[in-house]
Amino acid sequence: MQANTRHRSTLPIYGPDRKNIKKSQIKFIRPAQMSLLARVTCYPPLGQITCHQRRSGSSGSTEPDTINFTVVLESSTSFPVQPWDIQIWHNISSSEWTATSLKSHGSPVAPLMNGSEEDYNYFRNVFSGKITLPSNAGHAQFTVRYRINPDAEWQWVNQQQGANDGVLVFGSQKPEFTSLETTPTDFKKYFEGMSADISIEPRKSESPGSNLWHLSGKAQPAHAGESGYKEVALGVPMSILRYFSLVRIWTPWLGPRHGQGKFELSEEAILCSFLRTDGVNIVLLGLSGKDNILTTFGSGENGEVIVKSLNDNAEPSTFQILASAAEDYEVAMSAIVYEARKLARPYAEQEASDTKRAPVSPPPDDIVVVEKDVKAQWMAEWYDGLTYCTWNGLGQDLTEEKILRGLDSLKSHGIQIANLIIDDNWQTLDDAESQFKRGWRQFEGNPAAFPKGFKQTIEAIRQRHPNVEHIAVWHAILGYWGGISAEGDLAKKYKTKRVEIKVPAVGGAISHAFENGSVLAIDPDDVQKFYDDFYRYLASIGVDSVKADAQFFLDLIKDPEDRRRFITAYQDAWSISTLKHFSSRAISCMSMFPQAIFHSQLPTTKPTIPLRNSDDFFPNIESSHPWHIFCNAHNALLTRYLNVVPDWDMFQTSHPYAGFHAAARCVSGGPVYITDEPGKHDVSLIDQMTAKTIHDGTVILRPSLIGRAMDIYHDYKEGHIVRVGTYTGWARTGSGILGLFNISTAEKSTITHLLDFPGIHQDSQGEYIIRAHTSGMIASDLRVPDTESSLVTVTLPPKGWEILTTYPTYTFDLKANKRASTSTPTETKVSVLGLVGKMTGAAAIIFSDIYVEDNGRLRFDISLKALGTLGIYFSDLPDWSIDDNFMVMILGRPVPKKTVWKEGGDKGRVVAVDILTAWKEMGLKAGWSNDVLVEVFVG
């Protein structure tokens with residue numbers, strides 16, 4: 001593994017080394033010759049956990065519940081067509097293993113979405129069948145076997161692929177969590193050997209389908225300059241199939257850890273989730289940041305969950321844990337988060353906000369819970385603009401010349417950024433060999449790097465690059481890595497305090513730098529004045545946003561009295577000053593420590609700001625890139641519930657993993673930062689992430705909901721395709737989005753069901769289409785009840801990725817307006833796709849309305865937040881003529897004929913409208929609005 005040259009972490013990256021592939025754009029390539037006689041892909045998948053959701057209202061039903069299996073078998077055309085025999089070998093129906101044969105599926109099923117099947121030298125066979133589930137809750141295993149003909153030997157797929165059996169987990173047909181009332185005894189049945197030192201109090205869950213408990217115990221008082229520490233056994237979790245935890249990888253960062261069987265952790269966790277063999281999820285969350293208590297979880301020798309409490313108070317205090325149980329992980333998490341928000345706020349605030357309580361989960365069918373209140377008009381946040389950060393692109397030795405050269409390079413390539421982050425080392429610092437020993441001397445920037453003054457640099461940036469709307473600067477929460485310089489102006493102006501720093505639990509240069517270390521910091525008595533003065537200075541020179549890094553230093557403070565005085569005071573001072581001077585234009589970084597999570601990030605009493613969601617992007621460490629996506633997706637299982645926008649960090653567009661990172665940022669729902677070296681840009685990739693606004697700006701297309709891992713209990717070491725799910729728009733009319741990422745060193749295939757997409761559930765009505773971003777391929781006529789026909793297949797090479805988006809379709813009878821020559825069915829199914837060519841183009845839709853006018857014409861009223869190529873799906877588009885049947889208007893004026901065409905030629909099913917070109921050629925002006933209204937008439 002290459003040495004880590006970044007100063008922010010020397011932690012060995014979790015993940016296998018990868019071979020270097022020198023391609024930034026990964027294309028789907030199928031080998032001409034297959035290494036095996038046949039390759040098999042199964043749904044549900046082998047080697048993975050599949051949690052089957054019972055049908056709604058199945059309680060008391062006499063109709064048995066079934067699980068549908070689909071197997072795609074690809075065989076080389078070098079061999080003749082064979083009468084394949086496919087079976088599921090399983091113990092689903094009973095404890096005895098048995099075989100269930102699958103039947104060949106005559107109609108096309110599970111189409112390949114990112115390649116043309118006609119181009120490959122293989123036969124594609126699809127088989128399907130159903131197996132009846134027991135009425136009781138439980139779990140089962142299965143695998144697939146096949147043979148060429150009845151005289152041949154069985155071939156076992158799991159042996160050929162080196163995969164484990166598939167695991168199916170199913171709840172009872174009689175729902176367990178039908179009442180919101182629960183008891184301490186209900187919780188004790190999930191753990192064995194629970195300590196009597198833990199009190200259990202049932203709480204009323206605001207998340208239907210879950211039970212909720214509040215656990216507490218006494219924490220030891222601080223003594224003789226050391227925080228009080230106590231461990232209490234919560235007990236051994238029983239009947240556990242898999243577990244997932246978010247652990248403190250080291251002080252500033254969280255990361256996922258997985259396991260099965262015996263519960264074992266090597267790091268302290270703040271969140272633990274256990275999937276039981278009966279399909280129930282047990283979720284534990286340790287509460288911190290209130291009453292100077294830090295609560296985490298560890299594991300004991302026998303697999304016990306150990307509660308670890310750190311008390312900074314001089315008297316005994318109470319640690320708190322929230323626990324929930326539900327058959328759905330998201331329901332269990334919702335119950336805990338709603339309760340945690342109450343505990344994190346003072347009683348008076350709770351009373352004042354009773355009329356604005358968060359909606360219960362799940363929400364009614366006609367709404368989707370989003371991060372912010374819905375507005376009548378699209379309102380851009382500052383982080384909706386494309387951002388450039390200087391860190392990896394320009395390096396640490398910043399100068400005015402380097403910054404301007406970097407911006408000039410972007411401009412010369414036609415890359416228009418909205419925000420600039422001037423990262424580490426613009427400040428005036430002490431001279432020292434280690435940057436961790438350097439202290440911050442004065443507000444004014446480094447005179448050696450900015451000889452005419454930092455203000456002049458900011459003015460030069462704004463003059464030469466007026467498209468840069470916001471300029472942010474980096475600083476550490478204590479000033480710099482080494483705190484405040486004892487010899488500088490700041491130490492003379494503000495009260496300071498020298499604090500001892502604990503050695504971080506990470507190896508390498510960082511730990512060495514803090515051995516026997518201390519930091520001079522602004523005393524909490526003066527920290528509010530300090531931040532007000534600093535941010536007032538920044539605002540005066542044209543800086544209007546900040547990135548506050550190294551916030552974990554607050555948790556490294558050793559003395560308990562200092563911890564009581566510093567941790568909360570610094571968080572509050574920083575929040576108040578950012579709001580006063582920069583509104584919500586602030587980024588919180590290296591702040592995933594528990595006291596900050598519960599004190600600053602969970603309450604919803606202030607604007608939402610970006611929160612760095614994982615350790616850094618390390619461009620030169622090959623193994624870090626798959627782990628980066630996996631880690632961020634799993635951290636978002638918690639951070640998506642906080643009052644933050646998870647920030648997956650910057651990346652470089654000229655990198656071998658550029659497309660991989662770009663797709664992940666788009667489905668994350670967070671900001672997009674690039675850190676390209678001058679002259680090294682992938683303009684086409686940037687164009688897929690961004691869109692031009694009618695005000696000549698550049699925005700990213702963030703989905704409505706935060707993206708998160710869809711497969712909670714899949715271990716990174718298993719190498720499964722990572723699925724990141726998000727949703728954009730209103731319920732029923734919006735789009736579910738899945739980002740698929742191959743973190744393995746081998747090519748991977750996966751079959752995805754319509755129900756795997758966020759926003760679509762067992763009771764969803766109507767038909768849908770699924771569209772793949774990289775190929776533009778569409779699978780149509782998909783329905784939730786029709787399991788066999790609601791599948792699509794994706795195959796990904798190493799570093800490969802794909803984004804799939806669902807769209808509901810609407811059916812109209814337009815026979816009277818069709819050409820007389822058509823003999824096709826009269827139904828026309830349509831859907832608005834948003835901006836095609838964009839990774840999350842559906843997020844460009846503000847609203848759309850489709851209806852038939854009195855004169856029989858089909859009309860689309862579509863409002864978009866940005867310009868680009870609008871796509872509209874028509875099931876029978878080949879029967880229509882663009883010239884004869886379509887009229888497209890923007891702001892009431894017809895668009896040029898050349899800007900409307902059929903995507904994919906005469907047989908295509910998508911009408912493409914180049915709104916960007918039409919807007920420019922028509923000379924349209926934005927006016928007061930920031931959206932564009934497109935009208936499409938078909939008749």
With no hydrogens and no angle check, is any side-chain donor or acceptor of [X] less than 3.5 Å from a backbone partner on [Y]?
X	Y	value
His599	Gln595	no
Gln601	Ser591	yes
Arg665	Asp649	yes
Ser317	Glu315	yes

Partner set under ring-ring contact (aromatic ring centres under 6.0 Å, His included) for Trp648, not counting sequence neighbours: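 With neighbours one apart ignored, the set is empty.
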
[X]-[Y] side chain donor-acceptor pair, cut-off 3.5 Å:
X	Y	result
Thr693	Lys865	no
Asn313	Asn292	yes
Ser614	Asn635	no
Trp474	Asp424	no
Gln320	His214	yes

Using 30° and 60° as the class limits, which term best fits the ring planes of [X] and [Y]: parallel, tilted or perpendicular?
X	Y	value
Phe534	Tyr537	parallel
His475	Trp440	parallel
Phe187	Trp213	tilted
Tyr570	Phe566	parallel
Phe582	Tyr535	tilted

Side chains of [X] and [Y]: does their closest heavy-atom pair fall under 4.5 Å?
X	Y	value
Phe319	Leu310	no
Arg563	Asp555	yes
Phe297	Leu285	no
Leu271	Met333	yes
Ser216	Glu201	no

Option among Val667, Thr728, Thr726 that satisfies the side chain to side chain contact (heavy atoms under 4.5 Å, CB included) test with Thr840: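 Exactly one option meets the side chain to side chain contact (heavy atoms under 4.5 Å, CB included) with Thr840, and it is Val667.
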
Identify which one of Leu490, Leu538, Ile541 satisfies the side chain to side chain contact (heavy atoms under 4.5 Å, CB included) criterion when paired with Phe443.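 With Phe443 as partner, Leu490, Leu538, Ile541 yield a single side chain to side chain contact (heavy atoms under 4.5 Å, CB included), made by Leu490.
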
Would you check, one step at a time, whether the test side-chain contact (heavy atoms from CB on, under 4.5 Å) holds for Ile846 with Leu864? CA-CA 5 Å; Ile846 301 174; Leu864 301 171; 5.9 Å; no

Residue list, side chain to side chain contact (heavy atoms under 4.5 Å, CB included) with Thr390, at least two apart or on another chain: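 Partners of Thr390 under the side chain to side chain contact (heavy atoms under 4.5 Å, CB included) test: Tyr388, Leu394, Leu398, Leu420, Asp423.
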
